[in-house]
*Asks:* 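Okay, handing you the structure first.
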There are 2 protein chains.
Amino acid sequence: MSDVDLTVERLELRGHRVTASRRRVIEAVLARPSHFTVDDVLRETRAVGRATVFRTMKLLTDLNVVCRVLFEDGALHYRVSTRGHHHHVVCRECGRVEDFTTCDVSALVRDLSRATDYEIEGHWLEGYGRCSDCRAATVPASREAPGG
Amino acid sequence: MSDVDLTVERLELRGHRVTASRRRVIEAVLARPSHFTVDDVLRETRAVGRATVFRTMKLLTDLNVVCRVLFEDGALHYRVSTRGHHHHVVCRECGRVEDFTTCDVSALVRDLSRATDYEIEGHWLEGYGRCSDCRAATVPASREAPGG
DNA sequence: ACCTAACTGAGACTCGGTATCAACGCAAAC
DNA sequence: GTTTGCGTTGATACCGAGTCTCAGTTAGGT
Ligand SMILES: [Zn+2]
Ligand SMILES: [Zn+2]
Ligand SMILES: [Zn+2]
Ligand SMILES: [Zn+2]
């Protein structure tokens with residue numbers, strides 16, 4: 001069973017109809033190698049109406065098929081979601097996005113609840129920096145002429 | 001020396017010109033009791049051009065006079081910034097915003113760097129929930145008929 | 001007072017997303 | 001297999017947030 005079929009099944013289970021347009025959007029989304037914008041999807045699904053693409057993206061987000069990645073400039077990207085709740089780090093240089101679940105965010109949230117006396121029910125966390133590849137590709141600037 | 005004058009001085013120090021429009025925007029911003037949107041400022045500075053208000057808000061953000069608060073629905077709010085780098089918790093019910101600096105976000109960022117092999121240089125973190133007041137105003141639903 | 005680069009502001013424009021609504025078509029009931 | 005109805009579609013208009021343009025203004029240094 002393909003990823004597309006699996007996603008379609010998820011739609012059916014939730015009582016959503018499986019239409020040709022939705023199928024086309026799902027195919028386009030699942031074919032994306034990394035993160036992408038709604039605009040990327042729009043370009044690949046010319047036959048599907050603009051509104052429908054936006055609606056389907058929302059649907060897929062609700063179904064946890066994709067997750068949203070907030071870029072530093074405020075742009076909203078998407079990426080196929082493998083896990084449940086998680087966060088992202090985005091490389092400022094090449095745009096690579098990595099998930100992370102290892103860090104104990106829940107501990108922070110607990111502290112946060114205590115410190116502010118808020119009952120924290122949701123949060124938004126993204127990291128921005130440089131991936132290992134991009135760091136390796138640059139001459140280390142912090143040490144002056146490391147080898148001569 | 002008023003807050004407005006202090007901010008104006010900050011502008012001058014950075015080599016920005018002090019114009020009547022900027023002064024008007026600064027006054028409107030500093031008079032805000034809590035968080036606000038650009039639209040709120042626009043409404044209070046009718047004499048100032050739309051573009052100028054946006055430009056000035058950007059300027060004030062760069063000067064750390066205000067900070068931006070990302071709401072759960074994606075709306076961008078501002079608030080007068082008292083401290084340096086900090087984060088926010090937003091009450092979903094009444095919209096109250098609280099700063100927090102107490103929690104050790106830097107530890108999380110350090111872990112994060114290690115786990116992903118990214119050099120994390122920036123991050124975006126907001127919490128959403130219910131403030132103490134709003135919780136107190138509701139009959140506790142988790143315990144059934146606590147007092148009768 | 002003079003000069004000029006910084007700034008302004010009206011308005012057009014872009015961009016991401018939503019509302020409208022008649023037409024359509026999926027899927028369940030018959 | 002046909003009917004039926006409601007979820008869905010998509011063209012298009014609209015919206016809000018923010019940027020661009022560019023001619024005109026002005027702060028502030030000399
Ligand atoms: Zn989280
Ligand atoms: Zn990179
Ligand atoms: Zn932080
Ligand atoms: Zn509240």
Side-chain angles (χ1 to χ4, degrees), chain A residues 4-5 7-29 32 35-63 65-79 124, chain B residues 4-5 7-29 35-63 65-79:
Chain A
V4 174
D5 289 337
T7 304
V8 163
E9 201 175 29
R10 248 204 262 188
L11 275 186
E12 285 170 336
L13 281 170
R14 297 282 195 101
H16 299 289
R17 291 200 181 156
V18 179
T19 66
S21 292
R22 281 184 176 166
R23 227 191 173 90
R24 261 177 251 139
V25 172
I26 290 167
E27 279 160 9
V29 162
R32 294 269 114 201
H35 57 100
F36 56 90
T37 61
V38 177
D39 217 62
D40 293 330
V41 180
L42 279 169
R43 244 175 280 121
E44 305 226 337
T45 55
R46 296 278 188 199
V48 183
R50 187 176 153 66
T52 299
V53 171
F54 275 100
R55 286 190 283 239
T56 308
M57 287 312 296
K58 196 175 196 172
L59 194 55
L60 294 178
T61 307
D62 291 345
L63 292 173
V65 173
V66 296
C67 58
R68 308 191 301 170
V69 185
L70 180 68
F71 273 53
E72 232 166 347
D73 62 359
L76 203 52
H77 288 233
Y78 288 82
R79 91 192 304 244
W124 191 240
Chain B
V4 174
D5 290 337
T7 304
V8 163
E9 200 175 29
R10 250 205 259 189
L11 275 186
E12 285 170 336
L13 282 170
R14 297 282 196 102
H16 299 289
R17 289 195 183 164
V18 179
T19 66
S21 292
R22 283 183 175 166
R23 225 189 176 93
R24 261 178 252 138
V25 172
I26 290 168
E27 277 161 9
V29 162
H35 56 99
F36 55 89
T37 61
V38 177
D39 218 63
D40 292 331
V41 180
L42 280 168
R43 244 175 281 122
E44 305 227 336
T45 55
R46 296 277 189 201
V48 182
R50 190 176 153 64
T52 299
V53 171
F54 275 100
R55 285 189 284 238
T56 307
M57 286 313 295
K58 196 173 196 173
L59 193 56
L60 293 179
T61 307
D62 292 346
L63 293 173
V65 172
V66 295
C67 59
R68 308 192 299 170
V69 185
L70 180 67
F71 272 54
E72 232 167 347
D73 63 0
L76 203 53
H77 289 232
Y78 288 81
R79 89 193 304 247

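Each chain gets a letter, A, B and so on, in the order the sequences are listed, and its residues count up from 1. Just the heavy atoms: all of them, side chains too, but no hydrogens, waters or symmetry mates, feed the values below. Every value quoted in this text rests on a predicted model; they were computed, and no experiment measured them.
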*Asks:* Give the first and the last nucleotide of DNA chain C, reading 5' to 3', that has any atom under 4.0 Å from a heavy atom of chain A.
*Replies:*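 The contact span of chain A on DNA chain C goes from C/dG16 to C/dA27.
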*Asks:* Excluding sequence neighbours, so at least two apart, what forms side-chain contact (heavy atoms from CB on, under 4.5 Å) with B/A51?
*Replies:*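 Per chain and number, B/A51 pairs via side-chain contact (heavy atoms from CB on, under 4.5 Å) with B/R55.
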*Asks:* Take atom NZ of A/K58 and atom C1' of D/dT9, then tell me their distance rounded to the nearest Å.
*Replies:*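 Rounded to the whole Å, the gap is 16 Å.
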*Asks:* Rounding to a whole Å, what distance do you find between B/R50:CZ and D/dC22:C1'?
*Replies:*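 The answer, rounded to whole Å, is 18 Å.
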*Asks:* Between A/D62 and A/K58 (salt bridge meaning N to carboxylate O under 4.0 Å), is one present in this structure?
*Replies:*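 A salt bridge is absent here (no side-chain N lies under 4.0 Å from a carboxylate O).
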*Asks:* Distance check needed: D/dG7 P versus A/R14 CZ, whole Å only.
*Replies:*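 Value for this atom pair: 17 Å.
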*Asks:* Which residues within residues 15-22 of chain A lie with some heavy atom under 4.0 Å of an atom in DNA chain C?
*Replies:*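 Only A/R17, A/V18 qualify.
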*Asks:* Using only atom types and a distance under 3.5 Å, with no angle test, would you say the side chain of B/R14 pairs donor to acceptor with the backbone of B/L63?
*Replies:*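 Side chain of B/R14 to backbone of B/L63, a donor-acceptor pair under 3.5 Å: no, none is there.
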*Asks:* On DNA chain D, check which nucleotide each of B/A51 and A/R24 is closest to and give me the residue with the more 5' one.
*Replies:*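 It is A/R24 whose nearest nucleotide is closer to the 5' end.
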*Asks:* Look at the side chain of B/R22 and the backbone N and O of B/R17, then say whether any donor-acceptor pair between them is shorter than 3.5 Å.
*Replies:*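 Looks like yes, one N/O pair under 3.5 Å.
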*Asks:* Indicate the ring-plane relationship of A/H77 and A/H35, choosing parallel, tilted or perpendicular according to the 30° and 60° boundaries.
*Replies:*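 Rings of A/H77 and A/H35: tilted, as their planes differ by 30° to 60°.
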*Asks:* For A/R46 and D/dG10, give me the distance from atom CZ to atom P, rounded to whole Å.
*Replies:*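 After rounding, the reported distance stands at 15 Å.
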*Asks:* Rounded to the Å, how far apart are A/E12 CD and D/dG7 C1'?
*Replies:*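 Rounded to whole Å, this separation is 14 Å.
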*Asks:* Side chains of B/Y78 and B/D40: closer than 4.5 Å at any heavy-atom pair?
*Replies:*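 A side-chain contact under 4.5 Å is absent here.
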*Asks:* In whole angstroms, how far is the P atom of D/dT19 from the CG atom of B/L42?
*Replies:*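 In whole Å, D/dT19 P and B/L42 CG are 12 Å from each other.
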*Asks:* Salt-bridge test for A/D5 and A/R23: reply yes if a basic N is under 4.0 Å from a carboxylate O, no otherwise.
*Replies:*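 Salt bridge between A/D5 and A/R23, a charged N being under 4.0 Å from a carboxylate O: yes.
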*Asks:* Closest heavy-atom contact between B/V65 and B/T7?
*Replies:*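 Looking at all heavy atoms of both residues, the shortest contact is CG2-CG2, 3.7 Å.
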*Asks:* Nearest heavy-atom pair of B/R79 and B/F36: which atoms, and what distance?
*Replies:*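 The pair with the smallest heavy-atom distance is CA-CE2, 3.8 Å.
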*Asks:* Measure the distance from CE on B/M57 to P on D/dA17 and round it to the nearest whole Å.
*Replies:*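 Result: 13 Å.
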*Asks:* Please report the distance, rounded to the nearest Å, between CZ in B/F54 and P in D/dT19.
*Replies:*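 Taking atom P of D/dT19 as the reference, CZ of B/F54 is at 7 Å.
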